[in-house]
Amino acid sequence: MAWFTFFSSEIYHLDPKDLLVLKDTPNAPVVENEDVILLLGNIKTGQEDTLYQGRKLLENAVAEGISYVPVRVAFHSRRPKWDILSPFIKKVRRRFYAKGTGVYHMETQEIRHLGLERKIRTHENAYDFSKWNLSSEQRQKQFNELQASLKEKGFDDKTPLEIMLCRSMGVKDSLQQGHHRMMFCLELGINRVAVEFMAVSHAPRWCAPFFRWFYRICHREKKNG
């Protein structure tokens with residue numbers, strides 16, 4: 001793939017039927033050691049998600065009744081090669097946002113297993129955001145409304161969870177929107193959710209290994225702390 005193309009830090013098990021409706025990426029040379037690759041588009045520019053490789057494998061999976069297949073997500077970085085700050089500064093990296101055009105389905109528990117949640121929401125810390133400055137009554141109201149909606153109607157595919165590729169330190173995927181829905185889906189036994197992918201930037205290749213190591217160290221300390 002091109003020098004400006006990067007991969008998600010994780011492999012996602014997605015419904016093959018969602019991927020088979022995509023068009024093939026034109027003139028895509030095969031990437032070794034990867035079976036299925038989804039190439040993220042950009043909804044702002046009208047560039048659609050495409051299937052980079054793996055159509056035959058997906059067709060076989062559907063024929064065999066396999067619910068989910070492992071998929072790597074690729075994206076084109078719009079960050080200048082010399083820029084090493086945008087992965088760390090929110091206001092800077094926002095200039096490079098690109099959201100894909102597709103909605104895909106995966107198991108809820110996999111999001112937790114992959115460690116994508118930036119903060120696991122619980123009954124105690126739900127809607128406890130200082131920037132929102134919500135009263136306890138307002139927090140409880142939003143809590144009750146979301147819980148009731150998911151319990152009565154199930155997960156709404158029209159509002160998928162947002163996964164940002166390489167969000168943390170430019171090397172680790174993380175959940176951008178949907179932490180509270182994750183909490184209730186796991187509580188209520190909702191085992192299938194809709195997701196959409198977005199990307200912002202990726203750490204420069206020459207320093208990405210260091211950032212991956214640093215992220216693992218910080219994450220380990222956070223777990224132990």
I want to check something: taking the side chain as every heavy atom from C-beta on, are Val71 and Met106 in contact at a cut-off of under 4.5 Å?
no
Flag yes if Leu186 and Ile120 sit in one hydrophobic cluster, no otherwise; membership is Ile, Leu, Val, Met, Phe, Trp, Tyr, and two members link when side-chain heavy atoms are under 4.5 Å apart.
no
Using 0.5 Å steps for rounding, measure from the NZ atom of Lys172 to the CZ atom of Arg118.
12.5 Å
Could you grab the distance from atom OH of Tyr68 to atom CD of Glu110, nearest 0.5 Å is fine?
9.5 Å
What is the minimum heavy-atom distance between Leu58 and Leu51, and which atoms define it?
CD1-CD2, 3.7 Å
Take a 6.0 Å sphere around NE2 of His123 and say whether it holds more than 12 heavy atoms from other residues, nucleotides or ligands.
yes
When you group the ILVMFWY residues by side-chain heavy-atom contacts below 4.5 Å and let the links chain together, are Leu14 and Leu57 in the same group?
yes
Chi angles and distances behind the ring-ring contact (aromatic ring centres under 6.0 Å, His included) call for Phe197, Tyr12
CA-CA 11 Å; Phe197 296 100; Tyr12 297 91; 5.1 Å; yes
Looking only at atom types and distance, does a side-chain atom of His105 sit under 3.5 Å from a main-chain N or O of Arg192, one as donor and one as acceptor?
no
Is there a donor-acceptor pair under 3.5 Å between the side chain of Thr101 and the backbone N or O of Asp49?
yes
Minimum heavy-atom separation for Tyr52 to Pro29, with atom names?
OH-O, 2.8 Å
Hey, what do you get for CD1 (Ile111) to CG (Leu116), rounding to the nearest 0.5 Å?
6.5 Å
Judged by atom type as modelled, is there a donor-acceptor pair below 3.5 Å linking the side chain of Gln53 to the main-chain atoms of Val31?
yes
Side chains of Asn42 and His76: any donor to acceptor distance under 3.5 Å?
no
Shortest non-hydrogen contact from Glu34 toward Ile37:
CB-CD1, 3.8 Å
Verify side-chain contact (heavy atoms from CB on, under 4.5 Å) between Lys44 and Lys99, making sure each step is shown before the conclusion.
CA-CA 8 Å; Lys44 287 184 179 180; Lys99 180 183 285 188; over 6 Å; no
Hey, could you give me the CD/CG distance between Glu107 and Asp15, rounded to the nearest 0.5 Å?
10.5 Å
Give the cluster check for Leu188 versus Leu161: same hydrophobic cluster or not, with ILVMFWY residues linked at side-chain heavy-atom distances below 4.5 Å.
yes
Given side chains that start at C-beta, do those of Glu137 and Lys141 come closer than 4.5 Å, heavy atoms only?
no
Quick check: closest heavy atoms across Glu10 and Ser8, and the distance to 0.1 Å?
O-OG, 2.7 Å
Compare every heavy atom of Leu40 with every heavy atom of Gly100, then report the nearest pair and how far apart it is.
CA-CD1, 3.6 Å
Spacing of OH belonging to Tyr104 relative to NZ belonging to Lys17, to within rounding of 0.5 Å:
14.5 Å
Taking atom CD1 of Ile66 and atom NE2 of His13, what is their separation to the nearest 0.5 Å?
10.5 Å
Begin with the C-alpha distance, continue with both residues' side-chain angles, and end with the deciding distance and a verdict on side-chain contact (heavy atoms from CB on, under 4.5 Å) for Val73 and Asp173.
CA-CA 11 Å; Val73 187; Asp173 303 351; over 6 Å; no
Test item: Arg181 side-chain N/O and Val193 main-chain N/O as donor-acceptor pair under 3.5 Å
no
How far apart are the closest heavy atoms of Pro16 and Ser67, and which atoms are they?
CD-O, 3.1 Å
Looking at Glu145, Arg139, Gln140, which one forms a side-chain contact (heavy atoms from CB on, under 4.5 Å) with Phe143?
Gln140
Asn191 and Gln109: CA distance, side-chain angles, deciding distance, side-chain contact (heavy atoms from CB on, under 4.5 Å) verdict
CA-CA 7 Å; Asn191 299 319; Gln109 188 62 48; over 6 Å; no
Just by modelled atom types, is the Glu59 backbone N or O under 3.5 Å from a matching donor or acceptor in the Arg55 side chain?
no
Does one hydrophobic cluster hold both Ile11 and Leu19, with members joined at side-chain heavy-atom distances below 4.5 Å?
no
Please test Cys185 against Phe155 for side-chain contact (heavy atoms from CB on, under 4.5 Å), starting from the C-alpha separation and ending with a verdict.
CA-CA 8 Å; Cys185 284; Phe155 191 90; 3.7 Å; yes
hydrophobic_cluster_shared for Ile190 and Leu146, side chain cutoff 4.5 Å:
yes
